[in-house]
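Read through the structure below, which is laid out as structure tokens, and then see the notes.
Keep in mind that this is a model prediction, so the values were computed, not measured. Computation of the quantities below employed the complete heavy-atom set of this structure, encompassing side-chain atoms and omitting hydrogens, waters and symmetry-equivalent molecules.
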Amino acid sequence: MNHPAARWLLRRAALAAFGLLLAAPLAAQTDRPAQPEPESGRSEKTLARAKQYMVAAAHPLAVDAGLQMLAAGGSAVDAAIAVQLVLALVEPHASGLGGGAFLLHYDNRHRVIRAYDGRETAPAAATPELFMREGQAMSFRDAVTGGRAVGTPGVPRLLEQAHRQHGKLPWTRLFEPAITLAEQGFAVTPRLHALLRRDSAMAGEPAARDYFFNTDGTPRTIGSTLRNPALAATLRALAAGGADAFYRGDIARDIAAAVRNHPRNPGTLSEADLAGYTVREVEPLCAPYRSWRVCGMPPSSSGGIAVLQMLGLLAGHELKALRPDSAAAAHLFAEAGRLAYADRNRWVGDDRFVEVPLSGLLDPGYLAARARLIRPDRSLGRAEAGMPPGAKIARADDRLEETGGTSHIAVVDAAGNAVSMTTTIETFFGSRLMVRGFLLNNQLTDFNFNPVEDGRIVANAVAPGKRPRSSMAPKLVFDAAGGLHLVVGSPGGSQIINYVAQTLIATLDWGLDIQAAIALPHAGSRNGPTELERGTAAEQLAAPLRALGHEVQITDMTSGLHGIQRSADGWQGGADPRREGLAKGR
């Protein structure tokens, strides 16, 4: 198989079919409605190549901002901050100053990985019954818009802390591209227009409505120039005063007032909540997979655990021996996903509030025993959670997370340092509350609405200061010699785990380049139906999977994967053809 033609044929077969094989866990369905996706087809992307440095992110203007920092001698963190600030302007439906993020940083000189949890927190006045009315859980639609679901934002403090520890350029320099664009304006993209056209909740929120819509109620047209002088002023304040300008003073007062004084759905976020917010620096969660070392986030994210569990469940299988277009291979990946997500739903929450049996969930013996539950001839249907070593009786819940308003940034700088950062305001356009040019999150809807299951408080119940459980899964992968090999992550709600696991398997097991891996059709189980990506070759597996007992659902699966992979002469980058992102370097 070393002949070039043979390698090409294998690669082609893997690209056509491997997306059909992959699965990752996901929660059981709830009353949460699926958020609409734009009516946009795929925009095929080509593999990006660079010798020195690279950025992959969700908008070309954001990528250009990051590249400006790297060209000026900036670090990976400098570039990631510039990217995030521009995304807050040009991709406001997905992330920004009013949200939270998880950031992994790799220091190439010292071979050190550091992990930062900038997830939003529940206000001090929040109670477990936040989303209960007269003993019943509120509907998601009633909870999401307004102040009730707004958590204390983490992004500004996270960016500042990362810059203090890993930045090279002056803090103020990182704001220049976003301020210029906010003042001069940017062109409304097809995706932003389509999402606005389908959003009905914005109509009742005056600040957001006036910014995103024309006076006749129609959304800003594709290609029209959208300026945001209010955001420019906010960015200037942060550039001059640091994150304290956001968490204290006039901006904090305006945020708290907008949340607490919402006329229909007020929340409890206060100025004291903002002033007291801190970023958690946590131990990265790493585990071996074949000859590789895969690192991600620990709780409050469940994504790091679930992806590593999937890899551990599959480690005993020689995946290269499977035909990439076979239903047997698709079945194997789907079953691994069911098992991982069953554990995720039962055991994972904010580890400052519940005991998460982290080492037990990744124990090789435990995973080997769980893997033996996978039958080659029949689907599990719905997997039950296991009892990992060290676990105590607890219960989490099946709520979905980050249904749409999420983005991923991947950066490698000229020194070989890297950032993998997933950033979110939760649903598309978050709470729809707009303050000083940016949207506030609705992240508290990631908590369990009903705090009690079987007479016990669930692991993901609301509590003051608690971080809601996330599925975000930024990843760094290292080779056997300890060198950085891959930087990857994705938005996509609870499907994030699917998307990231798929890309890891595609690159590490099947040898696809990062762009080919990202472009694969999606298939996977969230411990419910086996989902196949609509409009792709994945649909062809529906019949053989049903014959194995799978309940199959054809659905849109709009990931937003961005990744950077080491190559023989530098770096290669990939961006998801399902969205408007770009990978670019020098």
Side-chain angles (χ1 to χ4, degrees), residues 84-85 87-89 92-101 118-126 144-160 171 175 178-179 181-183 201-213 226-279 405 423-427 429-445 464-465:
Q84 170 68 100
L85 296 174
L87 287 178
L89 174 72
H93 49 277
S95 69
L97 300 177
R119 183 75 160 155
E120 301 90 336
T121 56
V144 64
T145 303
R148 182 180 297 268
V150 177
T152 311
V155 162
R157 190 66 78 191
L158 171 66
L159 300 183
E160 181 182 66
W171 172 252
F175 287 75
I179 291 171
L181 284 167
E183 292 177 338
M202 207 87 78
E205 303 303 324
R209 182 188 62 223
D210 293 347
Y211 175 66
F212 288 113
F213 291 83
L226 194 56
R227 297 180 178 85
N228 194 336
L231 180 61
T234 297
L235 293 173
R236 288 187 186 280
L238 268 68
D244 278 350
F246 181 94
Y247 290 96
R248 303 174 187 273
D250 292 344
I251 296 176
R253 280 194 291 273
D254 286 354
I255 293 172
V259 169
R260 299 173 75 90
N261 298 328
H262 191 272
R264 297 177 307 280
N265 200 20
T268 63
L269 183 70
S270 69
E271 291 181 57
D273 293 317
L274 288 155
Y277 182 84
T278 58
V279 173
T423 172
T424 183
I425 57 171
E426 222 275 73
T427 60
F429 303 105
S431 65
R432 278 74 170 182
L433 273 181
M434 199 168 198
V435 178
R436 291 181 173 254
F438 59 89
L439 288 164
L440 295 175
N441 69 85
N442 64 292
Q443 211 64 251
L444 301 188
T445 56

Does [X] reach the side chain of [Y], with side-chain heavy atoms less than 4.5 Å apart?
{"X": "I179", "Y": "L231", "result": "no"}
{"X": "L159", "Y": "L238", "result": "no"}
{"X": "F212", "Y": "L439", "result": "yes"}
{"X": "V155", "Y": "Q84", "result": "yes"}
{"X": "P92", "Y": "I425", "result": "no"}

Say you draw a straight line from [atom1] of [X] to [atom2] of [Y]; how long is it, rounded to the nearest 0.5 Å?
{"X": "L226", "Y": "L181", "atom1": "CG", "atom2": "CG", "answer": "11.5 Å"}
{"X": "F429", "Y": "H93", "atom1": "CZ", "atom2": "NE2", "answer": "6.0 Å"}
{"X": "E426", "Y": "N441", "atom1": "CD", "atom2": "CG", "answer": "8.0 Å"}
{"X": "L274", "Y": "T152", "atom1": "CG", "atom2": "OG1", "answer": "5.5 Å"}
{"X": "L97", "Y": "L440", "atom1": "CG", "atom2": "CG", "answer": "10.0 Å"}
{"X": "R436", "Y": "D250", "atom1": "CZ", "atom2": "CG", "answer": "5.5 Å"}

For the backbone of [Y] and the side chain of [X], can you confirm whether one donor and one acceptor N or O come within less than 3.5 Å of each other?
{"X": "Y247", "Y": "P153", "answer": "yes"}
{"X": "N228", "Y": "L89", "answer": "no"}
{"X": "D273", "Y": "S270", "answer": "yes"}
{"X": "S431", "Y": "V150", "answer": "no"}
{"X": "T424", "Y": "G405", "answer": "yes"}
{"X": "R253", "Y": "R248", "answer": "no"}
{"X": "R148", "Y": "G146", "answer": "no"}
{"X": "E120", "Y": "G154", "answer": "no"}

Would you say T145 and E205 are linked by a side-chain donor-acceptor pair, where the criterion is simply a distance under 3.5 Å?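 Not at all, the side chains of E205 and T145 share no donor-acceptor pair under 3.5 Å.
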Might you point out which heavy atoms bring [X] and [Y] nearest each other, and give the distance in Å?
{"X": "T268", "Y": "A126", "value": "OG1-N, 3.9 Å"}
{"X": "G96", "Y": "A88", "value": "CA-CB, 3.7 Å"}
{"X": "A208", "Y": "R432", "value": "CB-O, 3.5 Å"}
{"X": "A243", "Y": "P156", "value": "CB-O, 3.8 Å"}
{"X": "A258", "Y": "V435", "value": "CB-CG2, 3.6 Å"}
{"X": "R227", "Y": "Y211", "value": "O-CE1, 3.2 Å"}

Just say parallel, tilted or perpendicular for the rings of F246 and F438, cut-offs at 30° and 60°.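 Correct class here is tilted.
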Taking the basic N atoms (NZ, or NE/NH1/NH2) and the acidic carboxylate oxygens, is any pair closer than 4.0 Å for R236 and E183?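 Yes.
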